[in-house]
Amino acid sequence: MSEPSLPKTYDSSSVERRWYSCWEEKGYFSPSNHHADLPNYCIMIPPPNVTGSLHMGHAFQDTIMDALIRRRRMQGGQVLWQTGTDHAGIATQMLVERQLEALGTNRHDLGRDAFLERVWTWKRHSGGTIVRQLRRLGASCDWSRERFTMNPDLSFAVREAFVRLYNEGLIYRGKRLVNWDPVLQTAVSDLEVVSEEENGFLWHLRYPLANGSGFLIVATTRPETMLGDTAVAVHPQDERYLHLVGQEVILPLTGRRIPILADEYVDPLFGSGCVKITPAHDFNDYEVGQRHHLPQINIFTPDAHIASNAPEPYQGLDRVAARKRIVADLEQAGLLDKVEPHRLMIPRGDRSKAILEPYLTDQWFVKVAPLAEDAIRVVEEGRIRFIPANWDKTYFEWMRNIQDWCISRQIWWGHRIPVWYGPDGHQFVCNCEEKVYELAAEHYGYEVELIQDPDVLDTWFSSALWPFATLGWPKQTPDLAAFYPTDLLVTGFDIIFFWVARMIMMGLKFMGDVPFKEVYITGLVRDGEGNKMSKSKGNILDPLDIIDGIDLEALVAKRTMDMMQPHLAKKIESATRKEFPQGISPFGTDALRFTMASLATQGRDVKLDMGRVEGNRNFCNKLWNAARFVLVNTESELCGAHEGERSVLALPDRWILSRLQRVITTLDGAFDRYRFDEVATIVYHFVWGEFCDWYLEWVKPILYGTTIPETEKQVTRRVMLETLETALRLLHPLMPFITEELWQKVAPLVGRGQETIMRASWPRLDESLLDPEAEMEAEFVMRTVTAIRTMRSEMEIPPAKRLPLLAMGEEIFRLQRHETLVMTLARLESWQPLTGEIPQEAITAVLPGLQLFIPLAGVIDLTAESARLEKAIARLDADLARVMGKLANPGFLANAKPDLVATEQAKEHDLREKRLGLVEAAARLQKMKN
RNA sequence: GGGCGGAUAGCUCAGCCGGGAGAGCAUCGGUUUUACAAGCCGAGGGUCACAGGUUCGAUCCCUGUUCCGCCCACCA
């Protein structure tokens, strides 16, 4: 045995940094056909926000993607994990605007160009954070092809897509009621609205009838919009009001006369049954207005103050003040009937959290219905498959009710809409600014000044092109030919509409094919209590803090820094101190990744369990030490010829090789079904529960046995190495760093030394190594050893004490055959077949075909032993009752499968035999005591 | 209002095309046995939410109920 060449514990930090930079420098992440001619494989990363930072959701999804990519790379074929970042229009602009605010200025003071320069500076400054963090996760994406959604080539793709859709009439400009964010002062799409129920009021207002015969009472949650009312509506069948339809009311505070009309939209049972109609400020009223050709009166300025077309006293008031004033004025005029508390849905911007206004503006839209048709069909036909499958319901539901997509944003950071207006307002649409002037000159017959549309496109417009724009589209590049359609998309359910659906539509439109064949939908990563992680809750965990560790004070500081609501800081601090009293230990990337995989069960959110991370850190250490053991026993020894000589394999070798084959098979199955939890469990159990717990222990008597021939030792050394080396390859997709580190030392000893485990081949089943007989024999040994250990433990015999063993039964020949293994692991002093009488004073265990006795006269606590036996008998009785009940049931015998009946019968036999043995043992003890 | 998911050991979760209930962590007991105390050995712990139905047999299939979560939706 040589000196250990590895330290006693695995130190993740030094290993990780070393290997990642090595991999990247050597270009191992780029596609290369280093094995067989397998089909190409490609995954597009969901591009993270360029100014963002890594969160648990990334760690989760990127682990899954990287595991799949690494496995495919080992299997062979050209493998590309396309990476990059997204400019995230509104989010990034808000971030920079907040910085400006802190400096006491704003984007309007700066002007558009200077502002954009500032955003670019910020992007250059912070844009590296997330990609550095991705590297820390071990993500093997191809950095040489990294893209940013505002790179010139991607911007060109965006303009090209816009032009093509425009020319087909699938993009149009129009004045519509849109969701308007008065704080950001931009339109947003329907998807960017989050509505939540909040407390409000229902105001009942009196609108005087024009003929002076009384009032009509209308109920509203937004009294301030009454300034823009252009009608009052009732239900067509509502007896109460039918006679008034066609008449007019006088709109209070304005004096305008507006009609009373009948429309199905009105629910006669709600409120008073009369609805004020404000077409410019409510989506339903807008529809009603369209049906009845009502005028649209916009009473708000873009920042939601009352506009100058409203009565003078209200002009310039913001929404809240206007409401107060109007309600007060109505009350004073005796026009306020009553006010009731009311729960209602308040729409807010998902970024700004500001209350949105339905607002009448000119915007650009994509006409989606024609695109949606094909996008629905490809999922129906199975050309795109969701995993788990039930997400297709969500997809269909949205796609079948899809509304036109508002793509223009009144912000500055983003892709400028490639439309220019001539002096007469004529639209020129072009993918290139130089060319547009030629177009205009051609159109007018002379050169003109053009003004480009000031708006930018919704970020998701460029994201929708990601799967092909990153590969070179609209140019027909080799990459595009090689990797489109991509194979798999891994993403969260929260962006199925935002992103997945739109990629499908755009991919089909521009590439004529699906952008990916499968979509693996992950759940959300939640904290230990199951809460959504958010900055304001202060329960965010930075994946890097789990990898590198963080002390409590730093964690508290991190969680309470830069808070939007500073009053929550105290609560967050105490919760953090309670949850992580010691801070977080450095667990390493591999442990985090392994945990992510093991939590990745289908169709569920995952709660991050730090205990699990710790357990997997321990698993890394276990693997490390197993390798240490193997290396110590092989590095300066002879380790047999290639493949070993199978004819002389010892039982442990035959067993572990056979088990390894089964692991390869089940692991492949789990990978193919995207069951990463199973992948983790299978390999964890094999390495720890079989390789370490049994095999390495069994191997010791062979390696250290003085009577074992050297040739046999060499074979075992060889098998030990081969098994470990294969296990490292199997583990590599989930634990890239530790496996590389160990593989570099282990692989050369079996002649597999190459540059990197990343390009080693993925293990394949070798059927010739399957050995059911060896598995049976090994199970016998394990059963026997465990039985003896249990006796020892239950009878409180010190583990160090070497025990004598007597045995009888028809399986005794197996015991004979594997006596060294059993004796070593059960720490026996001796064993022999029982020939004479069963010793009265002995501990007894009964196994199928084998009775074991540990005769220890004078040492055994007889009372304890008989209690132990009674308990075991009681248990057997319960099992026996169940089996016998089943076998006594004619229905069971008639209907159950024959082999099941046979199994049950065998079970009954075993149970009876076991019971008999124990009952006899109990009787002997009883005799002793008397 | 519509749709989806969940309820299994103290905790976090697997399992179930119907036939002996599993893992990790936690707990308890033993243990410095020559890779590993981040270890080793052993043990305890569950009317599989509730009520019906189908079946020889249900944690699993069907129906209903309760509770929890999410998504979508125009009730002023």
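Values below: every heavy atom of this structure, side chains too, minus hydrogens, waters and symmetry copies. Just so it is clear: chains get the letters A, B, ... in the order the sequence lines come, proteins before strands, and each one is counted from 1.
Atom CD of Gln403(A) sits in a sparse spot, with 12 or fewer heavy atoms from other residues, nucleotides or ligands closer than 6.0 Å. Few gaps surround CD on Glu197(A); more than 12 heavy atoms of other groups in view lie less than 6.0 Å from it. Other residues, nucleotides and ligands contribute over 12 non-hydrogen atoms within 6.0 Å of the CD atom of Glu829(A). The neighbour count for His342(A) NE2, taken as heavy atoms of other residues, nucleotides or ligands under 6.0 Å away, is above 12.
For the pair Val525(A) and Leu541(A), the minimum side-chain heavy-atom distance is 4.5 Å or more. The shortest distance between side-chain heavy atoms of Val630(A) and Leu721(A) falls below 4.5 Å. Put simply, the side chain of Met596(A) does not reach to within 4.5 Å of the side chain of Phe676(A), judged on heavy atoms. With contacts defined as side-chain heavy-atom distances shorter than 4.5 Å, the pair Phe283(A)/Leu177(A) qualifies. Two residues are said to be in side-chain contact when any heavy atoms from C-beta on lie closer than 4.5 Å; Val275(A) and Val232(A) fail this criterion. Annotation: side chain of Leu749(A) is in contact with side chain of Leu631(A) (closest heavy-atom distance under 4.5 Å).
Val630(A) comes within contact range of no nucleotide atom at all, as no heavy-atom separation falls under 4.0 Å. Note on Ala894(A): nothing from the nucleic acid sits closer than 4.0 angstrom, heavy atoms only. As judged by a 4.0 angstrom heavy-atom cut-off over every strand, Phe283(A) is placed among residues making no nucleic acid contact. Within 4.0 Å of Asn390(A), counting heavy atoms only, lie sugar-phosphate atoms of the nucleic acid but no base atom. Residue-level contact check: Thr903(A) touches neither bases nor backbone, having no heavy atom under 4.0 Å from any strand. Contact annotation for Arg789(A): backbone-only contact, meaning every heavy-atom pair under 4.0 Å involves sugar-phosphate atoms and none involves a base. Among the protein residues, Tyr265(A) comes within range of the nucleic acid bases, having at least one heavy atom under 4.0 Å from a base atom. Base engagement by Lys622(A) is indicated by at least one non-hydrogen atom pair under 4.0 Å involving a base atom. Residue Glu697(A) is in base contact, counting any heavy-atom pair closer than 4.0 Å across all strands shown. When heavy atoms are screened at a 4.0 angstrom cut-off, Cys692(A) is found touching base atoms of the nucleic acid. Heavy atoms of Glu287(A) sit nowhere under 4.0 angstrom from any nucleic acid atom. In this structure, Gly588(A) reaches neither bases nor backbone, as no heavy-atom distance under 4.0 Å exists between it and the strands shown.
Using a 4.0 Å cutoff on non-hydrogen atoms, the parts of residues 878-889 of chain A near RNA chain B are Arg882(A), Lys886(A), Asn889(A), ordered by number. Residues from residues 579-587 of chain A with heavy atoms under 4.0 angstrom of RNA chain B: there are none.
Salt bridge absent: Arg291(A) and Glu264(A) never bring a charged side-chain N and a carboxylate O closer than 4.0 Å.
Among residue pairs with one or both ends in residues 611-634 of chain A, those qualifying as ring pair (Phe, Tyr, Trp, His ring centres under 6.0 Å) are Tyr10(A)-Trp624(A), Phe594(A)-Phe619(A), Phe619(A)-Tyr684(A); sequence neighbours excluded. Pairs engaging residues 216-225 of chain A under the side-chain hydrogen bond (donor to acceptor under 3.5 Å, both in side chains) rule: Arg222(A)-Glu224(A), Arg222(A)-Glu357(A), Glu224(A)-Arg323(A), Thr225(A)-Lys276(A) [sequence neighbours left out].
Taking side-chain N and O atoms only, Lys897(A) has no distance below 4.0 Å to OP1 or OP2 of G18(B). Distances shown here put a side-chain N or O of His342(A) below 4.0 Å from the OP1 or OP2 atom of A76(B). Residue Lys8(A) places at least one side-chain N or O closer than 4.0 Å to OP1 or OP2 of C36(B). When the side-chain nitrogen and oxygen atoms of Trp688(A) are compared with OP1 and OP2 of C40(B), one or more of them lie within a distance under 4.0 Å. The phosphate of A35(B) has OP1 or OP2 within less than 4.0 Å of a side-chain N or O from Lys700(A). Contact check, Tyr286(A) against A76(B): no side-chain N or O comes under 4.0 Å of OP1 or OP2.
Comparing U59(B) with U8(B), their C1' atoms sit 7 Å apart, to the nearest whole Å. Separation of the P atoms belonging to U27(B) and G10(B) is 15 Å when rounded to the nearest angstrom.
Contacts of Tyr241(A) classified as ring pair (Phe, Tyr, Trp, His ring centres under 6.0 Å), with partners at least two apart in sequence or in another chain: none. Asn284(A) is linked by a side-chain hydrogen bond (donor to acceptor under 3.5 Å, both in side chains) to nothing, counting only residues two or more places apart in sequence or in another chain. Listed by chain and residue number, Asp238(A) satisfy the salt bridge (Lys or Arg N to Asp or Glu O under 4.0 Å) test with Arg240(A) (two or more places apart in sequence, or in another chain).
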Derivation of the side-chain hydrogen bond (donor to acceptor under 3.5 Å, both in side chains) call for Thr278(A) and Asp229(A): CA-CA 4 Å; Thr278(A) 323; Asp229(A) 287 1; 2.7 Å; yes
From CA spacing to verdict: salt bridge (Lys or Arg N to Asp or Glu O under 4.0 Å), Asp879(A), Arg882(A): CA-CA 5 Å; Asp879(A) 288 348; Arg882(A) 198 172 32 235; 3.0 Å; yes
side-chain hydrogen bond (donor to acceptor under 3.5 Å, both in side chains) evaluation trace for Thr595(A) with Asn616(A): CA-CA 7 Å; Thr595(A) 306; Asn616(A) 290 327; 2.8 Å; yes
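Summary of the strand contacts: Phe493(A) and Asn618(A) both lie near RNA chain B, and taking for each the nucleotide with the nearest heavy atom, the more 5' one is attributed to Asn618(A). Both Thr9(A) and Thr786(A) sit near RNA chain B, but only Thr9(A) has its closest nucleotide nearer the 5' end.
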Output one line per pair: protein atom, nucleotide atom from nucleotides 7-14 of chain B, and distance, for all N/O pairs under 3.5 Å.
{"from": "A7(B)", "atom 1": "OP1", "to": "Arg604(A)", "atom 2": "NH2", "distance (Å)": "3.1"}
{"from": "A14(B)", "atom 1": "OP1", "to": "Thr601(A)", "atom 2": "OG1", "distance (Å)": "2.4"}
{"from": "A14(B)", "atom 1": "OP1", "to": "Arg604(A)", "atom 2": "NE", "distance (Å)": "3.3"}
{"from": "A14(B)", "atom 1": "OP2", "to": "Arg604(A)", "atom 2": "NE", "distance (Å)": "3.1"}
{"from": "A14(B)", "atom 1": "OP2", "to": "Arg604(A)", "atom 2": "NH2", "distance (Å)": "3.0"}
{"from": "A14(B)", "atom 1": "O3'", "to": "Arg675(A)", "atom 2": "NH2", "distance (Å)": "3.3"}

Sort me out a list of protein N/O and nucleotides 26-33 of chain B N/O pairs below 3.5 Å, or just none if empty.
none

Would you tabulate the pairs of protein nitrogen or oxygen atoms and nucleotide nitrogen or oxygen atoms of nucleotides 45-49 of chain B closer than 3.5 angstrom?
none

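Between His281(A) atom NE2 and A76(B) atom P there is a gap of 18 Å when expressed in whole angstrom units. We find that CG of Asn179(A) is positioned 10 Å from P of A73(B), with the value rounded to whole Å. Taking atom CD of residue Glu904(A) and atom P of nucleotide C56(B), one finds them 17 Å apart after rounding to whole Å.
Side chains of Thr9(A) and Asp11(A): no donor on one and acceptor on the other come within 3.5 Å.
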Intra- and inter-strand pairs of RNA chain B in dot-bracket (Watson-Crick or G-U wobble, both distances under 3.5 Å; | for another strand): (((((((..((((.....[..)))).(((((.......))))).....(((((..]....))))))))))))....
List, one per line, each side-chain donor-acceptor pair under 3.5 Å for residues 388-402 of chain A, sequence neighbours excluded.
{"from": "Tyr395(A)", "atom 1": "OH", "to": "Ala375(A)", "atom 2": "O", "distance (Å)": "2.8"}
{"from": "Arg400(A)", "atom 1": "NH2", "to": "Glu380(A)", "atom 2": "OE2", "distance (Å)": "2.7"}
{"from": "Asn401(A)", "atom 1": "ND2", "to": "Glu397(A)", "atom 2": "O", "distance (Å)": "2.8"}

